[in-house]
Structure formats: C-alpha cells, structure tokens
Amino acid sequence: MSEHALDVGLADFPQQVLEESKRRPVVVDFWRRGRAVQVAQAHSGKTRREYGGKFLLAKINSDDNQELAARYGVRGIPSVKAFIDGEPVDEFRVRCRKAKCAPFSIA
C-alpha cells in the first residue's frame, strides 16, 4: 500500500488505528469480498494526495475480522468510520459520491 493507506486486522488494529488516531485522523473502510470497489479507496488516492498525509486510510476486510466489525457496529457494507484520539467520531454507511463525502474526508 503506502504510508497513508494500509490493510489492518485484529492484531494490529490497536496500534495502526487507535494509537495512530492520536497523531492524525484515521479513516477506516470496512469492506468484504464480493462487493464492488471499497468505498474509501474509490476516492482515497486523490484525497490522500490533496491532504498530504494528514490522515491514514485503514482498510479492514470484515469477513476476516468479524470481531472488529461487530465491536464497531458494522451492520452493512460499505461502512466507513473516522477515528480521532482513539475513538470513532463519524461514519457513513452508504455508497456516496466524492462531493457528498467531502465533509467527512477530513476537510
């Protein structure tokens, strides 16, 4: 991936999401196999370049990490959540166009 986007699982979630969100916002994209393009990833390349690493995109495969999905109330896919200071602070659960998601995108 890159220094601003990575795949995360149960073992590294505390460090990569909770601890990292104390330094910069972390946008977590819960996805699953068999679905179309991951929501956050669809707009993330350009958004990450525009924001120059001011946030981290963490992608979590919900099939492989059901405990994390349950812990954070993921009831459907796609589900995207923002973490700041170790806590979820915002989310959206539907596919959206960049213009609609922009306020969420750590603007």
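All values below come from the heavy atoms of this structure, side chains included, with hydrogens, waters and symmetry mates left out.
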Is a side-chain N or O of [X] found less than 3.5 angstrom from the main chain of [Y], in a donor-acceptor match?
| X | Y | answer |
| --- | --- | --- |
| Asn65 | Asn61 | yes |
| Ser62 | Phe30 | no |
| Lys81 | Tyr72 | yes |

Any salt bridge linking Asp29 with Lys59? Criterion: basic side-chain nitrogen under 4.0 Å from a carboxylate oxygen.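 The answer is no: the pair does not qualify as a salt bridge.
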
Looking at Asp63 and Arg32, does any basic side-chain N land under 4.0 Å from a carboxylate oxygen? yes

If you define the side chain from C-beta out and look only at heavy atoms, does anything of [X] sit under 4.5 Å from [Y]?
| X | Y | value |
| --- | --- | --- |
| Glu87 | Leu18 | no |
| Val27 | Leu56 | no |
| Val28 | Phe83 | yes |
| Glu19 | Val26 | no |

Using every non-hydrogen atom in the two residues, find where Val8 and Val17 come nearest and quote the distance to one decimal.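 Between these two residues, the closest heavy atoms are CG1-CG2, 4.2 Å.
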
Between Gln16 and Glu20, which heavy-atom pair has the shortest distance, and what is it? O-CB, 3.2 Å

Near Arg75 CZ, under 6.0 Å, is it more than 12 heavy atoms from other residues, nucleotides or ligands? no

Give the intermediate values and the outcome of side-chain contact (heavy atoms from CB on, under 4.5 Å) for residues Arg24 and His4. CA-CA 11 Å; Arg24 62 180 168 167; His4 306 300; 3.2 Å; yes

Atom pair CG (Leu68) and CG (Leu10), whose distance is rounded to the nearest 0.5 Å: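 Here the interatomic distance stands at 5.0 Å.
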
When rounded to the nearest 0.5 angstrom, what distance separates CG in Leu6 from CG in Asp12? 7.5 Å

